[in-house]
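Written out below as structure tokens is the structure these notes cover.
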Amino acid sequence: MNNRIAIFPGTFDPITIGHYDIIIRSLNLFDKIIIAIGNNSEKNNMFSIKKRKEWIKKTFFQFPKIEIELFKGLTIFFCKKKKAQFILRGIRNQLDFEFEKNIYYANKELYKNSFIETIFIFSSYDKSHISSCMVRDIIKNGGNYTIFVPKYVRINKKFF
């Protein structure tokens, strides 16, 4: 039997407790989850990819089924490279659903004969308002961001 490998792609700038929740709740669905840290050309990242990977490694160090990797390009190509059968995506609201649905259809067009399937997991109700964008805004404005991120995400105040 093939291992059930899922790719959970994102910029994770920074990783939030919403991301954490989706990953933890998905562990029993897959044999391996690869958290794939990418750079979105449409986003101006606040944190280096090295720092984001460090935070994610520290957050998930006790979970042997989770790997962390960097990637460039289209997620679907990364899935093929890693022999992953699934793309894992979190859905917070209707806007996320519409966006992710379009990516799903584009991926199906790119790989018509592919067995890569997208799995959508709805965010927990109490975390559905959390986004990396919101956390970055809180950080920029000196608010308490720590309630929205895993405990290993700590920003040096000299950063600003």
Side-chain angles (χ1 to χ4, degrees), residues 2-57 59-60 63 65-140 145 148-150 153:
N2 290 340
N3 284 338
R4 293 168 301 168
I5 301 171
I7 303 292
F8 187 56
T11 53
F12 306 105
D13 187 36
I15 189 167
T16 69
I17 59 173
H19 295 125
Y20 180 87
D21 178 61
I22 295 293
I23 294 165
I24 294 302
R25 290 174 41 225
S26 301
L27 279 173
N28 65 337
L29 300 175
F30 306 106
D31 299 309
K32 181 190 325 183
I33 297 174
I34 299 172
I35 302 172
I37 309 165
N39 277 325
N40 184 329
S41 60
E42 295 181 11
K43 292 183 181 180
N44 187 12
N45 294 314
M46 179 179 271
F47 303 103
S48 72
I49 202 162
K50 179 181 176 186
K51 178 54 79 179
R52 290 180 272 150
K53 184 175 183 182
E54 175 187 320
W55 286 332
I56 294 169
K57 273 186 156 182
T59 299
F60 293 103
F63 297 97
K65 289 172 60 171
I66 296 175
E67 294 179 7
I68 297 100
E69 295 203 29
L70 306 177
F71 82 104
K72 291 182 181 180
L74 296 176
T75 302
I76 197 80
F77 296 157
F78 186 70
C79 289
K80 292 296 266 186
K81 177 181 173 185
K82 292 296 177 182
K83 296 181 170 73
Q85 302 91 347
F86 305 96
I87 298 173
L88 176 62
R89 298 301 296 156
I91 302 288
R92 293 171 298 177
N93 53 43
Q94 187 174 355
L95 294 173
D96 279 356
F97 176 76
E98 290 299 324
F99 176 79
E100 294 295 344
K101 179 181 74 168
N102 291 333
I103 301 253
Y104 168 81
Y105 289 135
N107 284 339
K108 288 297 179 191
E109 285 295 311
L110 287 169
Y111 272 102
K112 289 184 184 197
N113 298 322
S114 171
F115 295 104
I116 298 171
E117 192 58 68
T118 300
I119 306 296
F120 298 108
I121 303 289
F122 287 101
S123 65
S124 296
Y125 178 77
D126 62 331
K127 295 171 183 64
S128 64
H129 64 289
I130 301 169
S131 70
S132 292
C133 182
M134 179 195 76
V135 172
R136 288 191 306 272
D137 194 45
I138 292 168
I139 292 167
K140 287 178 192 173
Y145 68 92
F148 301 110
V149 298
V153 178

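Numbers here are sequence positions counted from 1.
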- Query: Quick one: are the ring centres of W55 and F47 less than 6.0 Å apart?
  - Reply: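 When the ring centroids of W55 and F47 are compared, they turn out to be within the sub-6.0 Å range.
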
Does [atom1] in [X] sit with more than 12 non-hydrogen atoms of other residues, nucleotides or ligands closer than 6.0 Å?
X   : atom1 : value
K57 : NZ    : no
K81 : NZ    : no
F63 : CZ    : yes

[atom1] of [X] to [atom2] of [Y]: how many Å apart, nearest 0.5 Å?
X   : Y    : atom1 : atom2 : answer
L88 : H19  : CG    : NE2   : 10.5 Å
I56 : F12  : CD1   : CZ    : 5.5 Å
I76 : I116 : CD1   : CD1   : 4.0 Å
F71 : F77  : CZ    : CZ    : 12.0 Å
Q94 : F99  : CD    : CZ    : 15.5 Å
N93 : S123 : CG    : OG    : 7.5 Å

Minimum heavy-atom separation for [X] to [Y], with atom names?
X    : Y   : answer
P150 : I17 : N-CG2, 3.8 Å
I7   : K82 : CD1-CB, 4.2 Å
I139 : M46 : CG2-SD, 4.2 Å

Do [X] and [Y] make a side-chain contact, defined as non-hydrogen atoms from C-beta onward lying under 4.5 Å apart?
X    : Y    : value
R136 : S131 : no
R52  : I15  : no
R25  : I121 : yes
E69  : F78  : yes
I91  : I22  : no
E117 : Y104 : yes
T16  : F148 : no
E100 : T118 : no

- Classify the ring geometry between F86 and F30 as parallel (under 30°), tilted (30 to 60°) or perpendicular (over 60°).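 F86 vs F30 ring planes: tilted.
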
- Task: Take I33 and K65, measure what side chain to side chain contact (heavy atoms under 4.5 Å, CB included) needs, and give me the verdict at the end.
- Result: CA-CA 6 Å; I33 297 174; K65 289 172 60 171; over 6 Å; no

Treating [X] as the side-chain partner and [Y] as the backbone partner, does any N or O pair qualify as donor plus acceptor under 3.5 Å?
X    : Y   : answer
D31  : I5  : no
R4   : L29 : yes
K53  : L70 : no
E67  : A36 : no
N102 : E98 : yes

- Message: Walk me through whether D96 and F122 qualify under side chain to side chain contact (heavy atoms under 4.5 Å, CB included).
- Response: CA-CA 10 Å; D96 279 356; F122 287 101; over 6 Å; no

- Item | Sequence-distant partners of S132, side-chain hydrogen bond (donor to acceptor under 3.5 Å, both in side chains), two or more places apart |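 Testing S132 for side-chain hydrogen bond (donor to acceptor under 3.5 Å, both in side chains), a comparison that skips the adjacent residues, returns none.
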
- Query: Does the pair E54/K51 count as a salt bridge with the N-to-O cut at 4.0 Å?
  - Reply: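 Counted as a salt bridge, because a side-chain N and a carboxylate O are separated by less than 4.0 Å.
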
- Given N107, which of L74, I87, T75 fulfils the side chain to side chain contact (heavy atoms under 4.5 Å, CB included) condition?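 The side chain to side chain contact (heavy atoms under 4.5 Å, CB included) with N107 is passed solely by I87 among L74, I87, T75.
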
